[in-house]
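One-based numbering along the sequence shown.
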Amino acid sequence: DPCLAHPDRPPSPVNVTVTQLKANSATVSWDVPEGDVVIGYAILQQRQDGQMQRFIREVNTTTRACVLWDLAEDADYVIQVQSIGLYGESQASKRVHFRTLKETDRLPSNSSNQGDITMEGLDKDRQLQTGEIIIIVAVLLMWAAVIALFCRQYDIIKDNDSNNNKEKTKPSSEHSTPERPSGGLLRSKKKSPSVNIIEVAPVWGCAWSQPPAVHAEHGPAP
């Protein structure tokens, strides 16, 4: 009864709700009236069949929620919340009933939203990883194409250099004449004709009406 509460103690918590129901856990939240100094909370948790009871107490905190762990699957529970003030504890709140889920059951709507957010985050991470892999593969392919193009250009330049060297080293005998010593043949020496002049003395006693003619004899040069 609120009338029986100590005047220095805080009032009982209000709006006690249970959310994020799962097979083995649930979240309890509540509100505290404004203007009261609250330094902690206490939660009484009990199974409906009376097989298990738990008391949770937390001080030096201003939180307004608590996660209940190690719950039985598909079981009924009852909870009550108390506020802890500077001069003691408040009266217990109204009893709140809830039932845990089965392992095969889906989460309720208020919990499924958080699951969807988590899945969306995972999907985004997977998309980022896929995009990074695609970028890395594209960069590797581009580098491979650049290296292949460079090797091809290098082979072409090398072939051109080897062809130029072969043309420079061809023998020049095909373009030489027999008179040039560069063609590998000796120049033949032509003998110029020589002229020997023989003088014939006049013979006395011969009747020549004219002086003797001069005969030129062609022969080899001395």
Side-chain angles (χ1 to χ4, degrees), residues 1-140:
D1 189 355
C3 297
L4 300 177
H6 193 277
D8 294 332
R9 295 180 181 180
S12 302
V14 295
N15 299 327
V16 179
T17 56
V18 179
T19 58
Q20 299 184 8
L21 284 170
K22 297 181 181 180
N24 303 112
S25 65
T27 300
V28 182
S29 60
W30 62 90
D31 294 329
V32 176
E34 296 181 358
D36 295 313
V37 178
V38 177
I39 62 173
Y41 63 88
I43 299 175
L44 177 62
Q45 169 191 326
Q46 184 178 4
R47 285 186 61 168
Q48 189 74 23
D49 53 10
Q51 295 182 2
M52 186 183 68
Q53 185 175 359
R54 179 182 297 172
F55 186 75
I56 303 172
R57 182 183 177 90
E58 182 92 17
V59 294
N60 297 328
T61 181
T62 58
T63 184
R64 300 293 184 266
C66 178
V67 179
L68 306 177
W69 299 98
D70 297 331
L71 301 179
E73 177 185 356
D74 192 21
D76 293 320
Y77 285 89
V78 178
I79 60 170
Q80 287 180 291
V81 184
Q82 292 177 285
S83 296
I84 301 175
L86 296 175
Y87 302 100
E89 301 174 355
S90 69
Q91 294 291 326
S93 65
K94 295 181 179 181
R95 295 164 61 92
V96 177
H97 299 263
F98 68 93
R99 184 179 182 86
T100 57
L101 301 179
K102 296 180 180 180
E103 290 292 345
T104 57
D105 291 342
R106 294 183 178 180
L107 297 178
S109 59
N110 56 355
S111 300
S112 61
N113 293 332
Q114 293 185 357
D116 294 340
I117 295 173
T118 304
M119 292 302 296
E120 289 178 358
L122 293 176
D123 292 339
K124 290 181 179 179
D125 293 340
R126 291 176 182 175
Q127 290 177 0
L128 290 176
Q129 293 178 358
T130 305
E132 292 175 356
I133 293 173
I134 293 174
I135 292 173
I136 293 173
V137 172
V139 171
L140 292 177

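Taking CG of Leu21 as the start and CZ of Phe98 as the end, the distance is 7.0 Å to the nearest 0.5 Å. Rounding to the nearest 0.5 Å gives a distance of 10.0 Å between CG of Leu68 and CG of Asp70. Here NZ of Lys22 is found 14.0 Å from CD of Glu73. Values are rounded to the nearest 0.5 Å. From Arg54, atom CZ reaches atom CD of Gln46 across 12.5 Å, with rounding to the nearest 0.5 Å. In this structure, CH2 in Trp69 is found 7.5 Å from OG1 in Thr27, a value given to the nearest 0.5 Å. The CG atom of Leu44 sits 6.0 Å away from the CD atom of Gln80 when rounded to the nearest 0.5 Å.
A donor-acceptor contact shorter than 3.5 Å links the side chain of Tyr77 to the backbone of Ala72. Formation of a donor-acceptor pair under 3.5 Å by the Asn24 side chain with backbone atoms of Leu71 is found in this model. Side-chain atoms of Ser93 do not come within 3.5 Å of backbone N or O of Pro13 as any donor-acceptor pair. A side-chain donor-acceptor contact under 3.5 Å links Thr100 to the backbone of Ala75.
Applying side-chain contact (heavy atoms from CB on, under 4.5 Å) to His97 and the options Ile79, Val78, Val18 leaves one that passes, Val78.
Side-chain contact between Leu86 and Ile39 is present, with at least one heavy-atom pair separated by less than 4.5 Å. The shortest side-chain heavy-atom distance between Gln20 and Val67 does not fall under the 4.5 Å cut-off.
Contact detail for Glu103 and Ala23: the closest heavy-atom pair is OE2-CB, 3.5 Å. The minimum heavy-atom distance linking Val37 with Pro10 is given by the pair O-CB, 4.4 Å. The minimum heavy-atom distance linking Ser90 with Pro11 is given by the pair CB-O, 3.4 Å. Contact detail for Val32 and Ser83: the closest heavy-atom pair is CG2-OG, 4.0 Å. The heavy-atom pair separating Ile43 from Trp30 by the smallest distance is CD1-CZ3, 4.0 Å. Nearest heavy-atom pair, Gln91 versus Ser12, reported as atom, atom and distance to 0.1 Å: O-OG, 2.8 Å.
A donor-acceptor contact closer than 3.5 angstrom links the side chains of Ser29 and Thr17.
Atom CG of Asn60 has 12 or fewer heavy atoms from other residues, nucleotides or ligands within 6.0 Å.
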Check your understanding: Can you check side-chain contact (heavy atoms from CB on, under 4.5 Å) on Asp49 and Asp76, steps first, answer last?
Key -> CA-CA 8 Å; Asp49 53 10; Asp76 293 320; over 6 Å; no
Practice item. Test Thr62 against Arg64 for side-chain contact (heavy atoms from CB on, under 4.5 Å), laying out the working first. Key: CA-CA 7 Å; Thr62 58; Arg64 300 293 184 266; 4.2 Å; yes
